[in-house]
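Structure first, then comments.
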Amino acid sequence: AAAVTVGSGGTIDLNGLKLEGSSSFTVDSGGSVVGSGELSGPSILDNGTITASASHELTLSGPLAGSGLLSIMDDATLIVNGGIASTDAIQFAGTGATLVLSDLLAADAKITDFAPGNTIDVAGLVANSASFDQGTGALTLLGSFGQSLGSLKLGPLSAIAQQDTFDVRSDGTGGTDITLGVSVVVHPNQTVFSEAGNSTTLDVAGGGTAVIASEGSDTVNAGSGLN
């Protein structure tokens with residue numbers, strides 16, 4: 001197709017298809033694209049909403065501009081192959097959702113509602129740790145010598161998420177997975193179970209008990225009385 005436009009009030013359900021515009025792809029304010037598949041074009045202007053549907057994968061190939069919203073539902077994956085303008089926004093709208101970014105340095109959009117259970121996969125970049133500035137919302141990925149590799153812009157975290165910790169590890173394909181682990185205080189005479197697959201920081205007071213699954217990835221700050 002040539003230029004493709006989704007007008008206000010209009011909706012395209014990709015349903016696994018690839019929709020490609022040879023000149024541009026535009027979603028007007030009030031318009032929406034949903035489902036799975038791929039949108040591709042020399043430019044994608046998003047002033048509406050583009051949604052990766054629950055348990056599906058949606059790929060956006062082309063530089064993204066506009067003032068719209070990219071939304072990721074439960075267990076969905078949104079892959080962005082190209083830059084994202086700072087005027088766009090990306091929202092984790094479900095649990096178990098994954099955002100894959102092919103170009104960290106060109107991903108300027110703010111990411112909101114990132115929570116435990118969600119994943120940001122930065123493709124083609126190997127980070128060893130991360131530093132988060134709660135005041136600015138900047139999450140900076142750091143290399144093996146502590147050097148900055150680039151930053152993500154995160155929207156306001158919830159009150160509980162402010163106490164959480166960012167976990168950075170290989171995605172197994174030359175990139176970096178970022179997840180949000182949970183920070184838990186274990187009080188005296190209290191028992192906390194850390195489930196398999198969790199990334200949890202446990203501050204265990206004297207008389208508290210932490211039970212850690214064999215597949216967990218936990219940091220334990222132990223007081224006296226750790227069992």
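- When all heavy atoms of T140 and S151 are compared, the closest pair comes out as OG1-OG, 2.9 Å.
- Between L125 and L101 the shortest side-chain heavy-atom distance does not fall below 4.5 Å.
- Note that CD1 of I44 is 9.0 Å distant from CG of L70, once rounded to the nearest 0.5 Å.
- Here the CD1 atom belonging to I84 is positioned 6.5 Å from the CG atom belonging to L99, to the nearest 0.5 angstrom.
- V122 and F132 end up in the same hydrophobic cluster when Ile, Leu, Val, Met, Phe, Trp and Tyr side chains are linked at under 4.5 Å.
- A single hydrophobic cluster is seen to contain both I111 and F166, as judged by linkage of ILVMFWY side chains at heavy-atom distances under 4.5 Å, directly or through other members.
- Taking the side chain as every heavy atom from C-beta outward, I72 and T98 never approach each other to under 4.5 Å.
- Of all non-hydrogen atoms in I178 and L139, the two that sit nearest each other are CG2-CD2, 3.9 Å.
- Of the possible polar contacts, none joining the T95 side chain to the D74 backbone as a donor-acceptor pair under 3.5 Å is found.
- Just one of D46, L19, L60 meets the side chain to side chain contact (heavy atoms under 4.5 Å, CB included) condition when paired with F25; it is L19.
- In the hydrophobic cluster analysis, where Ile, Leu, Val, Met, Phe, Trp and Tyr join through side-chain heavy atoms closer than 4.5 angstrom, L69 is grouped apart from I50.
- In this structure, the side chains of N47 and S67 come closer than 4.5 Å at one or more pairs of heavy atoms.
- Within the structure, the ring-ring contact (aromatic ring centres under 6.0 Å, His included) test picks out the following pairs touching residues 67-93 (sequence neighbours left out): F92-F114.
- The shortest heavy-atom contact between A85 and A65 is CB-CA, 3.9 Å.
- Grouping Ile, Leu, Val, Met, Phe, Trp and Tyr by side-chain contacts under 4.5 Å, direct or through others, leaves L105 on its own.
- Without hydrogens or angle criteria, S32 side chain to T49 main chain gives no donor-acceptor distance under 3.5 Å.
- Between S144 and N128, the shortest heavy-atom contact is N-OD1, 3.0 Å.
- Proximity of a side-chain donor or acceptor of T51 to a complementary backbone N or O of S53 within less than 3.5 Å is not detected.
- For the atom pair OG of S61 and CG of L39, the computed distance is 8.5 Å after rounding to the nearest 0.5 Å.
- Placement of L154 and L142 in two distinct hydrophobic clusters is found when ILVMFWY residues are connected by side-chain heavy-atom separations under 4.5 Å, directly or transitively.
- The closest donor-acceptor contact from the side chain of T119 to the backbone of T179 lies at 3.5 Å or more, if one exists at all.
- Taken to the nearest 0.5 Å, the CD1 atom of I12 stands 9.0 Å off from the OG1 atom of T5.
- A distance of 9.5 Å separates CD of E38 from CD of E57, quoted to the nearest 0.5 Å.
- Here the side chain of D108 pairs no donor or acceptor atom with the backbone of D88 at under 3.5 angstrom.
- Between V126 and T176 the shortest heavy-atom distance is CA-OG1, 3.4 Å.
- I79 belongs to a hydrophobic cluster whose other members, connected by ILVMFWY side-chain contacts under 4.5 Å either directly or through intermediates, are V100.
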For side-chain contact (heavy atoms from CB on, under 4.5 Å), just list the numbers for H56 and L58, CA-CA rounded to whole Å, side-chain angles, deciding distance to a tenth of an Å, and then say yes or no. CA-CA 7 Å; H56 288 84; L58 176 63; over 6 Å; no

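- The hydrophobic cluster containing M73 does not contain L180, counting ILVMFWY residues as joined when their side-chain heavy atoms lie under 4.5 angstrom apart, directly or transitively.
- For S102 (side chain) and V80 (main-chain N/O), a donor-acceptor pair under 3.5 Å exists by modelled atom type.
- Taking CD1 from I90 and CG from D113, the interatomic distance works out to 12.0 Å, rounded to the nearest 0.5 Å.
- Contact between L78 and A52 at its shortest, heavy atoms only, is CB-CB, 4.3 Å.
- Proximity of L45 to S24: side-chain heavy atoms (C-beta onward) are nowhere separated by under 4.5 Å.
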